Amino acid sequence: MTQSFNRPRRDRHSSARVSAKATRRINHPLAAPAQSAPRRSTHGRISRADAGGNARGRSARERPAASREATRDARMSRDGGDADGGAGTSSFNKHDGGGVSVLGCDGKRYTVDESTASYFHEIEALVAVDPDTPEAVEERTILAGNALEEARGHEMALSMDARCSRVVEKLLDACVDDDLATYVRGVTAAPTDFFTLCKSLFGSRVAERALGCVAARVGKDPTAETLETFAPALAAIGESLSSAAVDAAYDPRVSPVARKFLSVVSGRECAPSAKAGSLAGKLKGGTSAAGAFADSGDAPPERHRFEALLREYSDTTLAALESELWGLTEDACGSAFLQAMLTAHRGDAAALNWIIPGFLGCAPAEGTKEGELLADAKESDVKQLCESRSGSHLFEAILRAAPRGLTHEIFRRFFRGKLRGIASHPTANFVLQALFGATREQDHVTAALMELGPDFGSLMRERRAGVVASLLAACARLRTGERDAAKNLARGLTAKTASARVGGRSQLAPSLLWLDQHSGAAGGRCSVLGAAMLQTIMKFPPETTPQFIESIATLPPNEALGAACDPGGSRALEAFLGSTAHKPKLKKELVDALAHDWIKLASSACGSHVLQAAYGCADQRTRETIVRRMSQGEKQIAGTRHGPYLLRRLGVADFKGDPEQWRNRAKVAEDVKADFAKTFGGDEDAEEEEENAGKGKRKAEESDGGGGGGEDDDDDERVAKKAKKEKKEKKEKKAKKAKKAKKEKR
């Protein structure tokens with residue numbers, strides 16, 4: 001790929017730098033005088049609630065569908081059909097004599113004759129309802145083909161009209177590939193047509209829908225005929241957008257279409273979404289499976305990738321945007337466009353190694369070795385980017401997309417030694433969370449624990465628990481630093497609470513579950529971040545978190561039931577009960593606490609998952625008790641949405657009909673499970689041995705008044721040695737069992 005940023009370096013602090021708040025006038029051939037001149041987005045910075053950095057947050061395009069329809073109807077009724085932006089008089093969008101006349105941003109008036117407009121008005125009711133039978137689908141396809149053939153030569157006017165544009169959107173969904181390609185060729189007949197269409201309020205919606213239809217038709221493995229049908233039309237769209245790159249990036253109507261075009265040619269969804277920067281995305285490996293997200297750098301494209309078109313569009317567009325890059329980072333629409341550009345090139349290390357340095361204000365020469373690509377980047381610029389609302393979203397996208405070597409260089413130059421200050425900043429801390437969610441280096445986690453570990457308590461008091469949660473998830477994902485992370489978390493929680501133990505019970509788990517509640521479990525719902533941290537801790541090796549395991553196992557009944565019926569707390573309890581690493585005896589303690597009200601647990605949507613986990617780890621007697629209590633409250637449970645499934649899953653009807661047969665069936669299932677474990681090296685006996693060997697250690701932990709947060713290093717070393725010994729004995733037991741099974745087979 002050519003180096004678009006390989007130009008003389010500019011001083012980003014010079015007078016030529018475009019301020020985020022300064023007004024700007026663009027002298028583009030398509031810019032109509034006065035009201036049609038492109039303007040910077042004035043709806044300002046997006047809120048942090050939009051974790052994906054969605055720059056269309058306050059524009060009309062991001063409102064709910066019903067709201068958009070109501071706005072459209074209101075404008076039509078108010079202005080007599082003038083619902084399109086760019087002119088304020090009713091003559092802008094006229095329906096004189098039944099025809100359509102729409103003024104474009106290029107100063108041209110696009111018209112449709114009366115008969116064609118009347119035809120589209122007549123079929124409006126026919127396409128309002130989606131077809132639900134194969135015959136209706138076939139009829140809709142024929143209707144779409146006829147209507148789009150009737151629209152030839154009038155695609156621009158119909159797509160920009162307030163009423164007809166809705167019909168066109170429905171027709172594009174139903175038509176065949178050739179008709180869709182013909183429509184796209186119609187709106188790209190002249191070099192400036194597609195940009196003019198996108199500048200229209202209603203035309204931009206149709207353009208985005210057309211690109212979405214093209215993406216759906218191309219799919220994962222398109223035929224040569226399909227590629228030949230759509231490739232020329234996509235090339236024309238790319239040329240139209242790149243010729244007005246600056247306007248397209250800033251404009252709140254054109255920018256979403258440009259991002260959709262990047263999605264089509266790159267084969268992956270590029271529009272900033274809430275999932276990309278969500279809490280779950282930053283806690284990969286903790287509350288969710290590591291690498292199970294589409295935003296992973298190793299994830300292949302979902303659809304066919306138009307490599308040549310993407311390269312040509314990126315080179316041309318980024319070259320045109322070079323002088324505006326700093327202004328784009330501060331603009332909501334501009335930042336979202338740059339994020340889409342990064343997402344489009346995800347997995348292409350060669351391209352990202354020159355795109356990302358350009359976004360950070362430097363242009364490394366060709367042949368620059370890895371580790372020196374950001375040598376000319378100014379730390380003050382990067383800091384300003386992290387602390388900006390729109391800029392921080394862009395930096396999060398950079399960290400998600402950056403190749404491994406470039407991520408390490410970013411950490412080394414701009415984060416190492418500065419983590420505490422970044423973690424405390426109200427905006428930059430989200431960037432730090434994204435870094436922990438994206439890193440693949442154990443060294444980064446180790447360095448972060450050294451800098452932030454002693455301050456876990458103060459970070460949680462400052463309401464920066466997200467930084468702690470993302471760092472814990474990185475420890476779980478990369479399998480490093482679990483013991484230090486758990487120890488620092490315990491100390492931080494102990495420093496926050498008045499007492500480490502209440503009634504002989506450790507308060508670590510309750511402190512996390514009700515992290516934001518001053519009154520503890522009586523305060524109401526569990527903390528989302530606190531429950532996520534406890535869920536992550538349950539994925540650590542048990543020998544590294546004995547104090548947390550003890551705390552969750554000894555929850556009193558009221559706290560256990562309250563957490564089990566909470567969306568966040570239920571996941572933490574389910575993680576503990578469903579893990580094979582934890583001892584059956586400890587699980588039994590929690591199951592006994594939950595046994596005070598099985599019907600309440602079964603009636604709760606969240607509690608039903610905990611009940612199933614408890615049933616799975618319980619002994620036969622406890623399982624029978626659970627099913628008996630559920631049969632007594634069957635009517636109440638069946639009245640919930642999840643109740644019938646839960647009753648079938650546990651065989652409640654079978655138990656009521658013939659309890660003895662249910663017991664026999666359950667016993668057979670247990671025997672099959674035991675045979676499977678015996679054949680493939682099950683560790684049930686080893687778990688029992690661990691349980692007996694751990695009695696002394698459990699008593700020692702219960703007699704420790706510090707609850708884990710104030711443990712001495714000698715105590716930690718003693719616990720570690722015991723755990724190591726138990727692990728060794730377990731391994732020897734497995735080897736003996738496998739040897740014995742091998743002899744029996746002979």
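These values consider heavy atoms only, across backbone and side chains, with no hydrogens, waters or symmetry-generated copies. This structure is a prediction, so every number in the text was calculated from the model and none was measured.
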I'd like to know if the side chain of [X] and the backbone of [Y] have a donor-acceptor N/O pair within less than 3.5 Å.
X	Y	value
Arg209	Asp173	no
Ser263	Arg259	yes
Arg404	Arg440	yes
Glu155	Gly153	yes
Ser388	Leu385	no
Thr317	Ser314	no
Ser255	Pro252	no
Lys220	Pro301	yes
Glu409	Leu374	yes
Ser240	Phe195	yes

Residues Leu227, Phe306; criterion side-chain contact (heavy atoms from CB on, under 4.5 Å); working and verdict: CA-CA 9 Å; Leu227 294 177; Phe306 294 87; 3.7 Å; yes

How about [X] and [Y]: do any of their side-chain heavy atoms sit closer than 4.5 Å?
X	Y	answer
Leu338	Leu325	yes
Phe359	Thr329	no
Ser392	Phe430	no
Asn146	Tyr119	yes
Glu370	His408	no
Leu262	Phe337	yes
Phe202	Val102	no

Look up atom [atom1] in [X] and atom [atom2] in [Y], then write down how far apart they are to the nearest 0.5 Å.
X	Y	atom1	atom2	answer
His345	Trp354	NE2	CH2	6.5 Å
Glu239	Thr192	CD	OG1	12.5 Å
Cys213	Glu169	SG	CD	9.0 Å
Phe261	Leu211	CZ	CG	7.5 Å
Met156	Asp193	CE	CG	4.5 Å
Ser390	Gln339	OG	CD	8.5 Å

So, for [X] and [Y], which heavy atoms are closest and what is the spacing to 0.1 Å?
X	Y	answer
Leu126	Arg140	O-NH2, 3.0 Å
Val112	Ala117	CG1-N, 3.8 Å
Arg253	Lys199	NH1-O, 2.9 Å
Pro357	Leu352	CD-O, 3.7 Å
Val168	Ser159	CG1-OG, 4.1 Å
His154	Thr111	ND1-O, 3.5 Å

From CA spacing to verdict: side-chain contact (heavy atoms from CB on, under 4.5 Å), Phe230, Val184: CA-CA 9 Å; Phe230 291 112; Val184 176; 5.8 Å; no

Atom NZ of Lys369 with >12 non-hydrogen neighbours under 6.0 angstrom: no

Glu228, CD: over 12 other non-hydrogen atoms inside 6.0 angstrom: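 Counting neighbours around CD of Glu228, 12 or fewer heavy atoms of other residues, nucleotides or ligands fall under 6.0 Å, so no.
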
Intermediate values then yes/no, side-chain contact (heavy atoms from CB on, under 4.5 Å), Arg477 and Thr439: CA-CA 10 Å; Arg477 184 176 69 251; Thr439 185; 3.9 Å; yes

Residue from Ile398, Leu360, Asp348, Leu342 passing side-chain contact (heavy atoms from CB on, under 4.5 Å) with Ile355: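 When side-chain contact (heavy atoms from CB on, under 4.5 Å) is applied between Ile355 and each of Ile398, Leu360, Asp348, Leu342, only Leu342 qualifies.
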
Leu234, Val265, Leu241, Ile237 screened by side-chain contact (heavy atoms from CB on, under 4.5 Å) with Tyr313, the one that passes: Leu241

Verdict with supporting geometry, Lys170 and Asp130, side-chain contact (heavy atoms from CB on, under 4.5 Å): CA-CA 9 Å; Lys170 293 285 188 179; Asp130 294 331; 3.4 Å; yes

Audit row: Arg185, Thr182, side-chain hydrogen bond (donor to acceptor under 3.5 Å, both in side chains) steps and yes/no: CA-CA 5 Å; Arg185 286 193 294 269; Thr182 301; 3.2 Å; yes

